[in-house]
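Chain naming here is simple, since letters A, B, ... match the order of the sequence lines and numbering starts at 1 in each.
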Amino acid sequence: MNGLPIDLALAWESLPALFDGLKVTAILTALPLLLGLALAFPICFARMSDRRWLALLAEAFVTFFRGAPLLILLYLVYYGLGQIEALREGPFWILFGSPFGCAIVALSLNHAAYMVEVLRGGLLAVPHGIVEASEALGITRRNIFIWVKMPLAIRYGLKAYQNEVVSFIKGTAIVSVVTITDLTAVANSIFEQTYDPFTPILCAAAFYWAFVNIIRLGFGLWGRWLNRHNAEDVAADAGVPGRGAALRRTSDLGQVTP
Amino acid sequence: EKLRLGNEGVYPPFSMVDSSGNLTGMEPELAREMCKRIGADCEIVVMDFKALIPSMLQGKFDGIVTQISPTPERVEKALFAMPIVYNPATFIVKKDSDYTLTKEGVTGKGLRIALQRGASMVPYIHKHFGKDTFTEVYYDNPDQMKLDLLAGRLDLVFDSKINWTLELIAKPEGKDYKLAGGDHWLGDPAIPEAERGYSWIFPKKSEELVKRVNTALAEMIKDCTYTKIRKKYVPVATLASEAACANVN
Amino acid sequence: MTMHAPAPDAAKEPGRLAITISGLVKHYGSHRALNGIDLEVRRGERIVICGPSGSGKSTLIRCINALERHDGGSIVVNGIELTADEGTVQDIRQEVGMVFQHFNLFPHLTAIENCMLAPQLNRGLTKARAEKLAMHYLERVHLADHARKYPSRLSGGQQQRVAIARALCMEPRILLFDEPTSALDPEMVNEVLGVMEELAASGVTMLCVTHEMGFARRVADRCVFMDHGEIVESRDAASFFQAPESQRLRDFLAQILR
Amino acid sequence: MTMHAPAPDAAKEPGRLAITISGLVKHYGSHRALNGIDLEVRRGERIVICGPSGSGKSTLIRCINALERHDGGSIVVNGIELTADEGTVQDIRQEVGMVFQHFNLFPHLTAIENCMLAPQLNRGLTKARAEKLAMHYLERVHLADHARKYPSRLSGGQQQRVAIARALCMEPRILLFDEPTSALDPEMVNEVLGVMEELAASGVTMLCVTHEMGFARRVADRCVFMDHGEIVESRDAASFFQAPESQRLRDFLAQILR
Amino acid sequence: MTNLSLADLAGYMRQLGEGALITLELFLTSFALAFIFGVLIGIATLSRSRVVQGIWRVYASIFMGVPSLLVIFLTFYGGSAMLGAVLGEFGARIDISPFGAGVIAFTVVYAAYIAELVRGAIENLPKGQFEGARALAIPPAIMWGKVILPQVMRLALPGLVNVWSFMLKETPLVSLAGLQDLVAAAKIAAGATKEPFIFFVATALVFIAFSALSFRLASRLETRLDRGQRREAAGRSSSRAAA
Ligand SMILES: Nc1ncnc2c1ncn2[C@@H]1O[C@H](COP(=O)(O)OP(=O)(O)OP(=O)(O)O)[C@@H](O)[C@H]1O
Ligand SMILES: Nc1ncnc2c1ncn2[C@@H]1O[C@H](COP(=O)(O)OP(=O)(O)OP(=O)(O)O)[C@@H](O)[C@H]1O
Ligand SMILES: [Mg+2]
Ligand SMILES: [Mg+2]
């Protein structure tokens, strides 16, 4: 074998199958992202709650679903729940009976656990003084949360959110353990039929790369829009080193994760 | 001479790891015996089935001592030694199922069939039953198929007969299931009945080694060592050519 | 041990009192930040509070609009006694505007949006009316031209003026300032002090923690000197500077006026 | 157009000159921050530099110890001409200590470690000797008691004094200060100015950018007024304040002394 | 319902333990290498050179954009071929073990992440820190070692902890390339005993325990590195953070 022999004919032939795989990957990304986010809010409130038992419970949730490798989590949900007779008879079997249902449940739980921390980080990064100022204006707690804390938390947490989404997309590559034929599974089966070590894997990699980078681009635009208040086009408005910018930067840090 | 051989390790009773970490089962024992006879010092490495063939093709193994069916793509890439197991594929269905396992009998029924990802059963089903006749579900190993079959997510399985007979049909939890549709030979149909079977494989360049392996295996079958080892793990005959040793213990 | 002498007629006419504080005590853990404060502020009075760092000036100011809960004594604002009750707190905060040392503007909102938020949320003003109101007060702090800018585009002095306009938009009867100029570059101090002088002239009740003694001299009706959580001296501005009674105040003034 | 008049004997005795700057030019992009500066500083002289924001004071100071590379003219420090050569730069920096507006202490090192770092590394002192040296200078800035504290545990004034001690530990012959008190609370300014006065009395050559006119009056041999990258006026401290020649300086002093 | 003898269970659990050690070894080796390369790359990419920036962009975008699983497959199955292409016949004979493939893949992938963190942290460091060091005539090498990097590590720590946990969770992927790690051991035990859940739950617990433990350690380390950075431990800052 010489060079990196990419078999163009094989690559061309595999395109339709790879596209189908990509569609599956996209669905397995989109749904858990929505569900996980929705789930993350109440858990995040619990985690930040003053009630000790609630906070502990939420922390346990986060520890568990962040700690357990997705590979094993999926396996346990899919094959494990399938062994429970009562569940098989019950109404939830529509969900747990299908590999998609299981994958979406497992992925959503995993994503939620990470999002709890992203959300919490964003909320904690909101400068206390700004919250105090809102209180001093007599704005109610609920309104402060909706109009001040959340908009800022989203800005501070955006980078971390992007990283989580990106890593999440890549994490879906293991759903083939529960019989789902996603992009990676397609590439693998082509590989197992042809034993060509480069073509299918590199093709799939290119698909992932494009998918991930489109998402990143989207986040970039979103972030630019959200942070228009810090844009530096009206340059040398000197004197003011933009407190917002400084805060944002420090809060980004540490969040540059996969 | 040192040989690195690959084996699956999770395919009882042909191959498994016991609780003290030793690789046992019919294949490893046969392989050890074979090595003794050709005078080689063998190291058997356990690896995921899917990783075995590509690893050998990349030169990481000198051979694979797990039963492999001779599909055309594989025959093109590797040398097959003489068959060591005739383990045809068959269907496993619920006892009360009433369809016939022909293309006509299953079309339009929306049956969910379990197949091993990357295994030779997949192209076989496509060829004889069509791509869209069944809803195909792919698994990494037969254990997962069995769990899903028992969980009611599957209608039927198409997989190796011997394993499923031993692992499901013969066991109490298999009381609701039966074999159906007869034996299916996945290899080249041109091969005569008597020579059919799954083999160990070796890299293309190892012709000389394959010859020695074949000689050793033929001897083992002939002096009934093969059957002795087989009987430790598998209660039914696995090769037509071992018929002469039926009474050996 | 406090020596302050409220204007004699104040006590007799409670309706003319904007704030009545008596026996105010505040602990942080075991630390006693306020140690029995008595203070009466008449309608329209302008009071400057000064004292060494850690003497409890901020704490006092923050107790008045319930950013800190007090542990003892009572605070009555415009006839309403401040309790832990959420409704009372909101009521009082509507009456009391506050301007912070670090402005605490909402970085994601423009100057005018900063001003509009509270009126819209609390007083149910329509967008158009809130905007008109906000514009009115931004003009008053000479910032009409900068209404559509984000805080990060404004100089420190301008930011602080937006913060003042934001507080004014609640049309509070009392304004609290906590060192409003000490985070500013010397050149920007003047513009903010100018605006505060104008406000003072318009008859708003003002409590202002500041070390700008020039401002105190020009504007204050009364100066209050605090130390160790107590009011040490409280008298009209002229005699405060010229004839300080206590040694502590004399030392302090010597430091400040250098 | 510069009007400064170096002490007449200085030019004749180059050995007595600590710094000679002539025709110094510095660009930032197309912006000319320094526009032909000529300045001679004698050994032991204490010069205060003032001027409006953006006039190039910091840039001048920073060019002297090569934190900025100059684009034209020459700087000679203790007889060594400053070039781009790394060795020369290091040599000059050994001679010139600098104290920044924002202290720039190393936050992960204690006060004494901050002071020990450079002597140990540059002058090859043993740890024990560096410690003794550092302690000596920390005592000199009245901080012996705080030697083992981290910067964040010190007040602003104390931090700036550590920064001075750190610069002194290099035993430089020239000290540069860039607005050393302008980041400090009013109460802390005094302690730093006190230390600087003591240093001045000990005969170190000092160049100090500051707007503390009290300090300038008490300590400076000469005051230099800069505007638009040029030295507009340069004369002894007394006549600088009492009889400013140019209108620009008069306006400036009016602002500052308010 | 289990027909697993206690001795067998213990035996397989011991194998799981051995697998866990391999996982741990793989993880620690990869993390250490990724850390070293990440810091070096992070510093190198501060260079303004267009070429350096270009290479960095391509490298980061590829390895941050592609699942690690594919990188592992590519290194494991394509590695020898790639070496062969680069080094000729000699390289082709260099065999890449699953362990090696895992280490290479994780190092390449996570060095990119760590480099990004380190870059970010260096850029976030106040410029005054560099100037302070330069004004003291501290030579560059020592400036990096004694002044800049200690502070960078403090700033980058939370991010490093994240990378740590991501990498930990991805280590089981190497089992798909044939490494006999914890997950592979669990699969073998499951295959032999037909009791998958016992072993998979045990595996999950090992991972959860390890990651919980490492988060504990990380927060300890954080407080340690923060020494001197925060004002009085009690007092305001803490009460504010809690609010
Ligand atoms: N949230 C808090 N937790 C604990 N102690 C606090 C808190 N806020 C203030 N303190 C303490 O209470 C005392 C009074 O603080 P306060 O902020 O009112 O002083 P101040 O007079 O405003 O000082 P400064 O001039 O520095 O702003 C100080 O000793 C301070 O350390
Ligand atoms: N790194 C830089 N890049 C571009 N322009 C700069 C830079 N540093 C300074 N300048 C510009 O050079 C001019 C002189 O700046 P310098 O910092 O020397 O002023 P200054 O007199 O110290 O002002 P201040 O009193 O505000 O500190 C200013 O117009 C400034 O905007
Ligand atoms: Mg205060
Ligand atoms: Mg400056």
Side-chain angles (χ1 to χ4, degrees), chain D residues 58 61-62 64-68 86-111 113-123 148-156 159 162-163 166-172 174-178 183, chain E residues 39 46-48 117-118 120-160 218 220-241:
Chain D
S58 299
I61 288 271
R62 290 160 57 82
I64 295 176
N65 73 346
L67 285 179
E68 308 279 353
E86 196 60 36
T88 316
V89 168
Q90 289 297 78
D91 285 351
I92 285 185
R93 283 179 181 158
Q94 309 271 353
E95 301 280 335
V96 180
M98 175 136 181
V99 177
F100 298 85
Q101 180 181 13
H102 291 114
F103 331 145
N104 293 343
L105 292 177
F106 305 133
H108 59 301
L109 302 179
T110 59
E113 285 165 357
N114 260 283
C115 295
M116 287 159 61
L117 191 63
Q120 266 184 287
L121 296 175
N122 298 343
R123 298 165 52 188
R148 305 279 160 201
K149 288 191 183 164
Y150 285 99
S152 62
R153 297 279 162 84
L154 298 173
S155 75
Q159 288 185 47
V162 173
R166 184 175 72 172
L168 289 175
C169 281
M170 297 292 299
E171 310 204 308
I174 300 167
L175 269 179
L176 308 176
F177 294 85
D178 191 359
Chain E
V39 170
L46 289 177
S47 146
R48 286 208 200 88
L117 282 175
V118 168
I122 293 173
E123 279 167 3
N124 268 279
L125 216 57
K127 241 179 78 207
Q129 291 297 313
F130 292 89
E131 293 194 340
R134 279 199 276 148
L136 289 170
I138 295 175
I142 289 163
M143 175 180 84
W144 282 103
K146 292 235 161 164
V147 177
I148 304 302
L149 286 182
Q151 298 185 57
V152 164
M153 283 313 131
R154 186 186 141 264
L155 286 178
L157 185 70
L160 286 174
R220 281 256 182 90
L221 188 63
E222 205 164 336
T223 2
R224 229 186 91 79
L225 284 178
D226 262 7
R227 77 189 188 287
Q229 302 276 354
R230 294 231 169 103
R231 279 211 89 119
E232 304 306 324
R236 292 166 184 226
S237 55
S238 60
S239 69
R240 294 256 152 105

Which bit of [X] comes within less than 4.5 Å of chain E, counting heavy atoms only: side chain, backbone, both or neither?
X	value
D/Phe106	both
D/Val96	backbone
D/Leu121	side chain

Open item on the list: Any heavy-atom pair between the side chains of E/Gln129 and E/Gln151 that's under 4.5 Å?
Closed with: yes
Open item on the list: Are E/Pro139 and D/Asn122 packed together at the side-chain level, in the sense that at least one heavy-atom pair is separated by less than 4.5 angstrom?
Closed with: yes
Open item on the list: I'd like to know if the side chain of D/Asp178 and the backbone of D/Gln101 have a donor-acceptor N/O pair within less than 3.5 Å.
Closed with: no
TODO: Drop me the distance from E/Arg134's CZ to D/Met98's CE, to the nearest 0.5 angstrom.
DONE: 11.0 Å
Open item on the list: If the condition is side-chain hydrogen bond (donor to acceptor under 3.5 Å, both in side chains), which residues does D/Arg62 pass it with, not counting sequence neighbours?
Closed with: D/Glu68, E/Glu131
Open item on the list: List the residues meeting side-chain hydrogen bond (donor to acceptor under 3.5 Å, both in side chains) with D/Arg148, not counting sequence neighbours, and say none if there are none.
Closed with: D/Glu131
- [ ] Determine the option with the most heavy-atom pairs under 4.5 angstrom with chain E, choosing from D/Leu105, D/Leu176, D/Asn65, D/Asp91.
- [x] D/Leu105
Open item on the list: Among D/Gln94, D/Arg93, D/Lys149, which residue has the highest count of heavy-atom pairs closer than 4.5 Å to chain E?
Closed with: D/Arg93
TODO: Please look at E/Leu136 and chain D and tell me whether the side chain, the backbone, both or neither of the residue comes under 4.5 angstrom of a heavy atom of that chain.
DONE: both
Task: Contact leader toward chain D among E/Ala135, E/Ala137, E/Gly132, where contacts are heavy-atom pairs under 4.5 Å - done: E/Ala137
